[in-house]
Amino acid sequence: YHLVEFAGRWGMIDVLLGALCGKRRVWDRVRGVVSAWGLSAPPFDCWLALRGIGTLALRAERASQNALHAAKYLESQKSKVAAVHYPGLQSHPDHALAARLLGGRFGSMVTFTLQGGLPAANAFIRAAEHIPFCPSLGDLCTTLSHPASTSHRRLTESQQRALDITGGTIRLSVGVESADGIVAALEQGLAAVE
């Protein structure tokens with residue numbers, strides 16, 4: 001498997017919780033697993049989540065706006081960026097559907113592929129000092145990950161290619177900081193890509 005050279009930078013998240021959903025017929029089994037494994041969230045984590053819900057709409061709106069700004073910038077960098085995947089871009093094959101379903105809010109995840117493959121990704125990640133590497137996504141600040149060596153590392157190369165993942169693919173989880181600051185950090189990373 002490919003290993004990307006991590007710069008030792010990590011994002012900071014107060015709490016990360018999830019919800020378990022499914023068909024009614026599996027709930028008896030779920031109850032036993034939850035009881036045996038102790039999958040209930042601690043009270044402090046629940047308090048942190050409840051505290052953050054009050055500003056969730058504002059943060060989601062800002063992150064979505066920032067992601068569109070970042071995606072447009074990346075799309076304009078054709079000499080170094082081979083592809084940008086973001087449903088808010090007119091060039092995305094599902095843009096019209098996403099616009100109709102999402103009401104102009106296209107989310108905070110932008111995936112882009114650098115010309116030059118894994119060496120380009122390594123150079124970008126090392127040089128983009130203000131974008132922390134973070135294998136989990138959804139931080140308040142913009143973070144990045146390298147799917148080929150993290151979330152999709154167990155897939156074969158052909159399986160990764162079928163998902164448009166290469167050594168040069170970077171996933172950007174856009175946060176709520178200044179849109180211009182995000183673009184400046186992307187510029188810094190791209191300046192290192194040959």
Side-chain angles (χ1 to χ4, degrees), residues 1-13 16 60 63-95 97-99 102 105-177 179 181-194:
Y1 298 103
H2 299 296
L3 279 182
V4 109
E5 299 169 17
F6 302 132
R9 301 179 316 266
W10 301 91
M12 297 177 65
I13 299 174
L16 184 62
S64 182
Q65 291 168 357
N66 285 350
L68 180 59
H69 190 75
K72 286 179 178 179
Y73 167 75
L74 289 165
E75 190 175 49
S76 74
Q77 303 302 303
K78 304 238 184 260
S79 66
K80 295 186 179 189
V81 178
V84 181
H85 302 283
Y86 184 70
L89 294 174
Q90 297 281 335
S91 60
H92 192 279
D94 294 320
H95 174 74
L97 175 64
L102 303 175
R105 294 176 190 91
F106 299 100
S108 61
M109 298 302 306
V110 178
T111 301
F112 62 100
T113 301
L114 295 167
Q115 308 274 9
L118 184 60
N122 278 326
F124 180 90
I125 291 169
R126 278 194 309 271
E129 294 176 351
H130 299 289
I131 305 177
F133 181 90
C134 190
S136 61
L137 306 168
D139 202 334
L140 192 59
C141 68
T142 299
T143 61
L144 62 82
S145 71
H146 185 257
S149 62
T150 57
S151 59
H152 293 74
R153 71 184 175 278
R154 299 216 187 277
L155 298 181
T156 66
E157 196 172 318
S158 63
Q159 290 171 320
Q160 287 182 5
R161 268 195 317 274
L163 297 170
D164 285 333
I165 295 172
T166 69
T169 302
I170 293 179
R171 184 174 293 136
L172 197 64
S173 177
V174 180
V176 299
E177 63 271 61
I182 295 167
V183 168
L186 292 171
E187 286 174 343
Q188 184 180 30
L190 288 176
V193 175
E194 295 183 17

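What you are looking at is a predicted structure, and each value in this text was computed from that prediction instead of being measured. Reckoned from all heavy atoms, side chains included, excluding hydrogens, waters and symmetry mates.
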Exercise for review: Measure across P132 and T142 and return the closest heavy-atom pair with its distance rounded to 0.1 Å.
Suggested key: CD-O, 3.1 Å
Revision key, fill the gap. Rounded to the nearest 0.5 Å, the CD atom of Q77 sits from the CG atom of L114 at a distance of 11.0 Å
Check your understanding: So, do K72 and L89 sit near enough that their side-chain heavy atoms are less than 4.5 Å apart?
Key -> yes
Review point. Roughly how far, to the nearest 0.5 Å, is the OG1 atom of T169 from the CG atom of L118?
Key: 10.5 Å
Point to revise | Close side-chain approach of F106 and H95, heavy atoms under 4.5 Å | key: yes
Point to revise | Exam field: side chain N66 to backbone E177, donor-acceptor pair closer than 3.5 Å | key: yes
Point to revise | Minimum heavy-atom distance between H69 and A179, given as atom pair plus value | key: CD2-CB, 3.5 Å
Exercise for review: Indicate the atoms forming the closest heavy-atom contact of I125 with H146, along with that distance.
Suggested key: CD1-CB, 4.2 Å
Review point. Taking the side chain from E75 and the backbone from V84, do they hold a donor-acceptor pair closer than 3.5 Å?
Key: no
Check your understanding: So which heavy atom on V110 is nearest to which on Y86, and how close?
Key -> CG2-CD1, 3.6 Å
Review point. Between CD of E187 and NZ of K80, what distance do you get to the nearest 0.5 Å?
Key: 10.5 Å
Check your understanding: Closest heavy-atom contact between D164 and T113?
Key -> O-OG1, 4.2 Å
Point to revise | Any side-chain heavy-atom pair of L190 and Y73 under 4.5 Å | key: yes
Check your understanding: Taking the side chain as C-beta and beyond, is there a heavy-atom pair between S173 and T143 under 4.5 Å?
Key -> yes
Review point. Taking atom OG1 of T166 and atom CD of E157, what is their separation to the nearest 0.5 Å?
Key: 9.5 Å
Point to revise | Full working for side chain to side chain donor-acceptor pair (under 3.5 Å) between R171 and S151 | key: CA-CA 10 Å; R171 184 174 293 136; S151 59; 3.3 Å; yes
Practice item. Answer whether the closest heavy-atom distance between the side chains of L172 and L186 falls below 4.5 Å. Key: yes
Check your understanding: Which atom pair, heavy atoms only, marks the closest approach of G167 to A121?
Key -> O-CB, 3.3 Å
Check your understanding: Looking at OG of S108 and CD of Q65, how far apart are the two atoms once the value is rounded to the nearest 0.5 Å?
Key -> 12.0 Å
